[in-house]
Each structure stands twice: as structure tokens, then as C-alpha cells.
Amino acid sequence: MKGEPMESRKAVDGGPELPEFPDDTFVRRLFGRYDPVLFWPVLISFVTVIILALVFPEGVAKTLVTIRNFLIFNFSWAFLAGVGVTLFFCIYLAVSDFGDLKLGKDDDEPEFTFAAWISMLFSCGLGIGFVFYSVAEPLTHLQQSSHVIDAGHAGLAAGVPKAIEMTILDWGIHGWALFALAAWAIAFPAYRLGKPLTVATGLYGILGDKCNTSIWGRLADFLGALGTIGGNAAMIGLGVASISYGITTLFGIELGTFGKAGVMLVLIVAYVISAATGVERGIKILSQTNMLMAAVVVLLLVLLGPAPIQYLMNMTTQMCGDYFNGILKYSFWSDAGNFEQRDWLGWWTVFYWLWWISYIPFCGGFIARISKGRTLRQFMVGVIFVPSLLAILWFSIWGGSAAYAEINGIIPLWDSVQANPESGVYALLGSMPGGWFISVIVLFNIIIFAITTSDSASFFVAMQMSGGRPNPRISMRLLWGVIIGLTGIIFQLTGGFNAIKSLAIVVGAPFFLVGIAFIFSVYAMLKKAKAGEM
């Protein structure tokens, strides 16, 4: 209230101790206690990006693509090595003597059931991508993957397993290991020592109590916020494209520029309703609903789809072996058998690693928020391996069905996805008995994934802007939800798919260095905790 000194004490809602904030400003009254050192630079950065994208769409898109290409084709070896090391470090933590350490006090219990927890961490950011790429990516790898081409199996039944394996590689344990490391780095000192739930807190093992005030901590928060907004704007852009295509295909309603903007507006309104109910109700209920809907669609695809059930079960079983058997090899495969790296590695594996990196702060921070009370071993298994097993099942069924239909001439899916990547799902389902109704379920599945993505991402950014407050004001969450939505829709409309993917990489790539620092920070914290010093 007016006349109170600058705040540097416990948050009024029972959250962790917050840094000093301005006490009596219009922004403070509107958004609650906020961090101006982070709030204004991030807000100004994205308002500027949005304006430039509107005024100079071609120039902005070209610049982002140029930077993206430079990063991918000059530093692919570094990204491959860094992500691979992170994965094996997380596996080591799961089996080490640190595994019984708990996220919080020794008597803390998990806030959410295991099923609710898995549903939320799975839905928080990547659900749209799972649906969007479920047909397009396996078919693309079948035709264009370096591994399939080198084996001489491009476009053939013999190439399908490798194509699906490469798809699971992009969506499997590597990305979830990045999230798990960041989430533990942020949550461990937050729940044990009362530190705020910020990206900078994840550097506590290196910077100590200065983690949230040093220039390095401040820079980590800034890069985390940029990566979160850029990465999620890309995912929301994919969601709008897929939803718009679904509406046109299923209901015959052509959506132009204003129609797509209207879809984004509806998503924002739905997100506001979800945000108003909080994590305990909104995100939790929507995530569980979405997981149930996705399970129903997969079951119907198995029972009614073009591929024989036996073929799909054989594919799923084989992928469990092929994928885990190839983890070490493909974690570090950099196309060194050619004097010049071919495009495929950069456009797929390295691109995905960079896209996952842009999600590290958001997914890591959000998973930290929902994981209190779990041991390190439970945490690593739940965050890394359970979603990866779901990815194996998902892409084996979808990819196997799509490849079977394409190779046997049942549906020309490859022609369809080359023209519109989002069309593959609807084309495959449309060939099935009751396909229209199943497609409607998928459409709502994508819509709910888009809502949970926007809700979770804006929740995390709002936490950062509020100094790590675990329950930031709805107005603050709404602001960043709108920023994410506007960025996604503007880049989708002005620069297209290429520009929006480039945006995610360019703003997310610098956070790669923070992710590497988390390895050293986590190890230092665990050693202190094991010694009773934390």
C-alpha cells in the first residue's frame, strides 16, 4: 500500500521471498508486485518485434531465417553434444545416490496425483506439436531422412520403422531431459530454501544467494522469458493453422486473415477462463480431459484405421527396441560420413533440439511449479520416460497408419502434407468409418492443447515477472497470454510457417548456455543437500 517501503520480504500469498519492487505505480496496482528490470525490457522487445513484423514482414522473416540457418549449420555439433550430455546426466541422477532426495521438505507430499501430474506436464507445451506432426513428420522422414535414404528405403515399407524411429527421436527423451534438468534446478532451491520460482534460481548451485540479483541471474531470467514467448508463439501459430484448416475441412468455412485472428481471439478468451480457475482446476482438468480424448482417438485409429492391428502392434513393439537401442548412436550423429553436412540433420534433429531449448524455461518452470513433494528418482522417471513411452505409442500408431495408407495407395497423404503439413491428420481420419466425427474430436483436442499451452506459458512468464510469485495475478497472466497469442498469429499471417519456426530458434538458442550451466548448478546443490548443507 502507499507509504510502505520497498518490498523485500515474504509474498502476501505465502510465496517465497521476493526481490525489491516498486511499491506505488500504476503498473503495480494493475499487475501486483512486479519486477521492472525484467518486465519492461521483455515487453518492449516483443512489442518492437510485433511492430516490425507488421511493418516489414518480409525483411523480418528473411533476417530470422538467416540467423536460424547460421546457428543450425555452424553449431549443430555443439547442440547435439550439449543435449546428449544433458540426457545422460539426468539418467545418472535417476540411478545415483541422490535419487532419494525430495523436491521440498522431507515430509512434503505431492500436490497432484501421478495421473494428473503426467497429464499436465505432457499438455503444458507440446500437445499441439504431437497432433500437428503425427502424420506429416513420419511421412517426411520416410521420403527425405538421411538414414532412410542411405539405406535405400525411401518411400518403401522397409523404411517405415526408421522413419518412425527418427520421429520419436525428435519427440522423445532428449527434450524431456532438458525440461527435467531445468525444472529440478529451479524447484529444488525454491522448495527447500524458499527461493522464488524463477529461472535465475536454477543457478543457485553456482551463484548462491546472489542468484536472483547478480547480472548473470538477471540475464538468465531475460533469456528465459524471451525463449518462452518465442517458442510458445510458434506452437500457438501451429495450433491456429491446424484449427483453421480443420474448420475449413470439416465445416466448409473458409477462414481468411480475420478468421484466423478470430480463432486466436477465441483461444485467448478460453485461456482467460482457464487462468481464472488456477492451476489446481483449470490446467489440471483441461489436461486430463485432453489426455482422455487423445487416448480415444488413438484407440479408434487402431480399430478403424487403414492399417491392420497386427502391423501397428508389431510397429509399436519394434519401436521400443529400435528407439532405445539407437539412443547413444543418434544422440551424437552429425552426418560426418559426408564432407558437407546435408540439410536433413539441420532441418530436423538440430532444429528440434533448438526448439526444445526455447521451451526449457517455460516447461522447466511450469513442471517445477507442479512437482513439489516428489523424489529425484520419481521426478526423472516421470518427466523423462513416461512422456517418451507415450510418444512411442503415439507415433507408432499414427506414423504406421499413415505410412501404410500412403505406400498401399489408399490415400495420397504425402502429396497432401507437402502442400499443407496440417492436412495429414484430417486426410487420414477422413478415410476411416466415422472419420468426420473423429476429426471433430481431434479438432477439439488441438483447441484444448492450445488453451493449456497458452495458459501454462503465460502462467510461467507471469511468475517470472512477479519475482517468482507462485500464484501471479490473473491480469499479469492475461497480459503475457495476449503477447504470446499476438506474436504467434502475426508471424503466422505475415511470415508463414518458416518465419515462426525461425523466431522460436533465434530467441531460444541463447538459453542453451543457461541449460548447460544448470548441469553444474544441480550437481553442486545435490552434493550440498546430501551433506546436509541445504
Side-chain angles (χ1 to χ4, degrees), residues 41-76 128-129 132-133 136-137 140 144 223 225-245 247-248 254-265 267-268 341-348 350-352 354-355 357-359 416-423 450 454 457 480 482-511:
V42 174
L43 182 62
I44 292 171
S45 296
F46 270 93
V47 169
T48 302
V49 166
I50 289 172
I51 293 173
L52 290 175
L54 286 172
V55 178
F56 308 107
E58 293 184 4
V60 170
K62 184 177 180 179
T63 300
L64 290 173
V65 170
T66 300
I67 298 173
R68 180 195 71 180
N69 293 349
F70 174 79
L71 290 171
I72 286 178
F73 291 103
N74 287 280
F75 298 102
S76 59
I128 295 175
F132 188 94
Y133 282 112
E137 185 168 348
T140 301
Q144 299 178 350
L223 293 176
L226 289 185
T228 296
I229 297 171
N232 281 276
M235 192 63 80
I236 290 297
L238 295 184
V240 170
S242 188
I243 293 168
S244 300
Y245 186 90
I247 291 173
T248 300
E254 291 291 339
L255 296 178
T257 299
F258 289 106
K260 292 179 180 178
V263 170
M264 187 70 252
L265 180 62
L267 292 179
I268 291 175
Q341 179 183 304
R342 288 171 289 181
D343 287 348
W344 179 83
L345 179 67
W347 295 145
W348 288 98
V350 176
F351 161 72
Y352 266 99
L354 286 167
W355 199 7
I357 288 168
S358 76
Y359 266 68
S416 181
V417 299
Q418 286 184 93
N420 294 292
E422 62 270 26
S423 68
S454 180
W480 295 105
V482 170
I483 293 293
I484 291 171
L486 282 177
T487 304
I489 190 63
I490 287 172
F491 271 85
Q492 181 69 33
L493 296 176
T494 61
F497 188 45
N498 221 16
I500 202 166
K501 289 199 304 182
S502 301
L503 172 69
I505 287 177
V506 170
V507 299
F511 198 81

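Sequence positions, counted from 1, serve as the residue numbers for this chain.
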Verdict with supporting geometry, V507 and V49, side chain to side chain contact (heavy atoms under 4.5 Å, CB included): CA-CA 11 Å; V507 299; V49 166; over 6 Å; no
Inter- and intrachain pairs under ring pair (Phe, Tyr, Trp, His ring centres under 6.0 Å), touching residues 43-70, at least two apart: F70-F75
Side chain to side chain contact (heavy atoms under 4.5 Å, CB included) assessment of V65 paired with R68: CA-CA 5 Å; V65 170; R68 180 195 71 180; 4.0 Å; yes
S244 side chain to K260 backbone, donor-acceptor under 3.5 Å: no
Atom pair CD1/CZ of I243 and F132 - distance to nearest 0.5 Å: 11.0 Å
All side chain to side chain contact (heavy atoms under 4.5 Å, CB included) counterparts of Q144, not counting sequence neighbours: T140, W414
Results of side-chain hydrogen bond (donor to acceptor under 3.5 Å, both in side chains) for S76 - residues two or more places apart only: Q341
Pairing residues for S358 by the side chain to side chain contact (heavy atoms under 4.5 Å, CB included) criterion, not counting sequence neighbours: W355, A504
Output field: ring centroids F73/W347 closer than 6.0 Å: yes
Any residue meeting side chain to side chain contact (heavy atoms under 4.5 Å, CB included) with V482, in chain and number order, not counting sequence neighbours: I268, L478, L486
Nearest-0.5 Å distance, CG of residue L223 to CZ of residue F511: 7.5 Å
Side chain to side chain contact (heavy atoms under 4.5 Å, CB included) partners of I67, counting only residues at least two apart: T63, L71, V506
Separation of I72 CD1 from L354 CG (nearest 0.5 Å): 6.0 Å
Distance in Å, T228 OG1 paired with I483 CD1, rounded so as to fall on 0.5 Å steps: 14.0 Å
Listed partners of W348 passing side-chain hydrogen bond (donor to acceptor under 3.5 Å, both in side chains), at least two apart: none
Distance (rounded to the nearest 0.5 Å) between S45 OG and I50 CD1: 11.0 Å
Y245: side-chain hydrogen bond (donor to acceptor under 3.5 Å, both in side chains) partners, not counting sequence neighbours: none
Interatomic spacing from OH in Y352 to CD1 in I357 - rounded to 0.5 Å: 14.5 Å
Heavy-atom side-chain proximity of L267 to V240 below 4.5 angstrom: yes
Non-neighbouring partners of E422 that pass side-chain hydrogen bond (donor to acceptor under 3.5 Å, both in side chains), sequence neighbours left out: none
